[in-house]
Amino acid sequence: MAMKQAATAAIRAFSSSVPSQSSPLVRHLHASAGSKKIVGVFYKANEYAAMNPNFLGCVEGSLGIREWLESQGHQYIVTDDKEGLNCELEKHIPDLHVLITTPFHPAYVTAERIKKAKNLQLLLTAGIGSDHVDLNAAAAAGLTVAEVTGSNVVSVAEDELMRILILVRNFLPGHHQVIKGEWNVAGIAHRAYDLEGKTIGTVGAGRIGKLLLQRLKPFNCKLLYHDRLKIDPELEKQIGAKFEEDMDAMLPKCDVLVINTPLTDKTRGLFNKERIAKCKKGVLIVNNARGAIMDTQAVVDACNSGHIGGYSGDVWNPQPAPKDHPWRYMPNQAMTPHISGTTIDAQLRYAAGVKDMLDRYFKGQDFPAQNYIVKEGELAPQYR
């Protein structure tokens, strides 16, 4: 009970730290009165749900907001069943008002689903990354799409740093040797390096990209970044990172390349066969952004040929990845399920953020500006 109270307190503390805004949303649907039907789509934790009372990002945890919602007369339905015409989610599409989804077990909100959802007003992402929503269709329908911006940036940046080290030091083959009862130092050491002195480039230097660059500074690497916007000059100087206006010119300079750009119409398939060929032979690539930024087969072919010396990430296309997804079987990969942004600490943050935005929605108030992906039919700049 004490741990549950601690979790609740953490959520309340985060919610109270978000500055209140009183200006009502222009779209009056957000201020409409009465009970709302809210549907959440999360992964099932099964036997793991009881192992940590702060495990809120699963079906069983339900973001810790069930009692709060139901006490106000709202209906809260939670499921992991999201695929196909006969799934549980599909049954609720026609009359739900709010749909909460996550990037970790995404419910793909297509134009067809949006058309069926006559009462839908709000699409919330518990976490960061709303590309599982057809944003153009949502904008055309006048819906609001929002996410808990900043909720898991530390989690993802830390994970990226870990993956860089795993690839550079050729860690996984050594770990696998231990499991198999083997001992072959040469089988690991022939492609293990120090991180110091290497050139690390990030495509995208938003919240996560900046945090990664800051965490890499003590390793004495050469740091490069490409983005549509430059980092603040003072921070850029502090980090020691160099802006590269031309991404293609940056690629052959990098020993390690990290993908930190959102998935948009412009970035989908950005790293195809031709662009990967511009990278340095043996480049190590870390991608915790979105799987669809990469051409799936081009990555496989480059790993097989050795042009990509190692590939690590936790994002796939589609998600969950099928058992026959080729990234599972390519050489020198260090892939995981989509876990980087759903640490327990991150779950507490994005659960609190969802609760805060629902509270504002019920009161007809604006969300924090940075949380909007679609507002009043207009896409946020990074998605245009």
Side-chain angles (χ1 to χ4, degrees), residues 155-204 208-209 211-225 241 250-260 271 273 275-289 291 293-316 321 325-341 343:
S155 313
V156 177
E158 287 184 357
D159 186 273
E160 288 178 343
L161 179 57
M162 174 191 72
R163 291 176 192 275
I164 291 170
L165 287 166
I166 283 173
L167 291 178
V168 169
R169 301 307 293 263
N170 203 24
F171 172 83
L172 280 181
H175 181 60
H176 292 158
Q177 280 190 24
V178 170
I179 294 171
K180 295 174 183 177
E182 300 172 353
W183 189 280
N184 181 3
V185 173
I188 305 154
H190 77 285
R191 56 190 308 273
Y193 297 88
D194 294 340
L195 184 55
E196 184 175 56
K198 302 301 181 293
T199 299
I200 318 294
T202 175
V203 178
I208 295 170
L211 284 178
L212 174 65
L213 292 170
Q214 288 175 303
R215 281 154 177 73
L216 283 167
K217 180 178 171 58
F219 287 88
N220 297 321
C221 304
K222 184 176 181 180
L223 302 176
L224 308 176
Y225 74 95
M250 180 182 81
L251 298 181
K253 301 175 185 178
C254 298
D255 300 300
V256 180
L257 184 67
V258 186
I259 311 300
N260 274 313
F271 280 85
K273 179 180 178 180
R275 184 153 279 117
I276 290 173
K278 295 178 181 180
C279 296
K280 179 184 291 189
K281 182 173 173 57
V283 66
L284 306 176
I285 297 180
V286 171
N287 178 17
N288 281 355
I293 293 170
M294 316 298 290
D295 180 305
T296 298
Q297 191 58 45
V299 171
V300 174
D301 293 343
C303 284
N304 285 333
S305 73
H307 194 84
I308 292 178
Y311 186 91
S312 183
D314 69 345
V315 286
W316 306 68
H325 196 293
W327 286 1
R328 293 180 184 268
Y329 310 105
M330 60 191 183
N332 301 321
Q333 58 88 358
M335 296 296 296
T336 58
H338 195 168
I339 56 170
S340 64
T343 62

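These numbers were taken from a predicted model, which means no experiment stands behind them.
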Worksheet item: Taking all non-hydrogen atoms of both residues, which atom of Tyr311 and which atom of Met330 are closest, and how far apart?
Response: CD2-CE, 3.6 Å
Item to complete: Verify the neighbour count for atom NZ of Lys253: are there more than 12 heavy atoms of other residues, nucleotides or ligands below 6.0 Å?
Response: yes
Worksheet item: If you round to the nearest 0.5 Å, how far is CE of Met162 from OG1 of Thr336?
Response: 6.5 Å
Worksheet item: So, does Asp159 use its side chain to make a donor-acceptor pair with the main chain of Ser155 at under 3.5 Å?
Response: no
Item to complete: Check whether any side-chain heavy atom of Asn288 lies under 4.5 Å from a side-chain heavy atom of Arg163, and answer yes or no.
Response: yes
Item to complete: To the nearest 0.5 angstrom, please state how far the CD1 atom of Ile259 sits from the OG1 atom of Thr202.
Response: 7.5 Å
Below 3.5 Å, can you tabulate the donor-acceptor pairs from side chains in residues 211-220 to any protein atom, sequence neighbours excluded?
| from | atom 1 | to | atom 2 | distance (Å) |
| --- | --- | --- | --- | --- |
| Arg215 | NH1 | Leu211 | O | 3.3 |
| Lys217 | NZ | Gln238 | O | 3.2 |
| Asn220 | ND2 | Glu196 | OE2 | 3.1 |

Discussion item. Within the 4.5 Å heavy-atom criterion, are Asp295 and Arg275 side-chain neighbours or not?
Written reply: no
Practice prompt. Report yes if the side chains of Met294 and Val315 come closer than 4.5 Å at any heavy-atom pair, otherwise no.
Written response: no
Discussion item. Between Leu195 and Cys221, is there a side-chain heavy-atom distance shorter than 4.5 Å?
Written reply: yes
Discussion item. Once rounded to the nearest 0.5 Å, what's the spacing between atom CD1 of Ile308 and atom CD of Gln333?
Written reply: 12.0 Å
Discussion item. What's the separation between atom OG in Ser340 and atom CD in Glu158, rounded to the nearest 0.5 Å?
Written reply: 11.0 Å
Discussion item. Whether the side chain of Asp314 engages the backbone of Ile339 through a donor-acceptor N/O pair (distance < 3.5 Å, no angle test) should be reported.
Written reply: yes
Item to complete: Taking all heavy atoms of Trp316 and all of Pro337, pick out the closest pair and write down the distance.
Response: NE1-CA, 4.2 Å
Discussion item. To check you understand the geometry: which heavy-atom pair defines the closest contact between Asn260 and Gly204, and what is its length?
Written reply: CB-O, 3.4 Å
Discussion item. Show the nearest heavy-atom pair for residues Ala334 and Leu172, with the distance to one decimal.
Written reply: CB-CD1, 3.3 Å
Worksheet, complete the sentence: For Ile293 and Ala289 the tightest heavy-atom approach is CD1-CB, 3.8 Å
Response to the item:
Pro173 and Ile188 have their tightest heavy-atom pair at C-CG1, 4.3 Å
Throw together a table of side-chain donor-acceptor distances under 3.5 angstrom for residues 277-286, partners on residues two or more places apart or in other chains.
| from | atom 1 | to | atom 2 | distance (Å) |
| --- | --- | --- | --- | --- |
| Lys278 | NZ | Asp248 | OD2 | 3.1 |
| Lys280 | NZ | Asp255 | OD1 | 2.9 |

Worksheet item: How would you list all residue pairs meeting side chain to side chain donor-acceptor pair (under 3.5 Å) that involve residues 168-177, not counting sequence neighbours?
Response: Asn170-Arg191
Worksheet item: With side chains defined as the heavy atoms from C-beta onward, is the minimum distance between Trp327 and Val299 less than 4.5 Å?
Response: yes
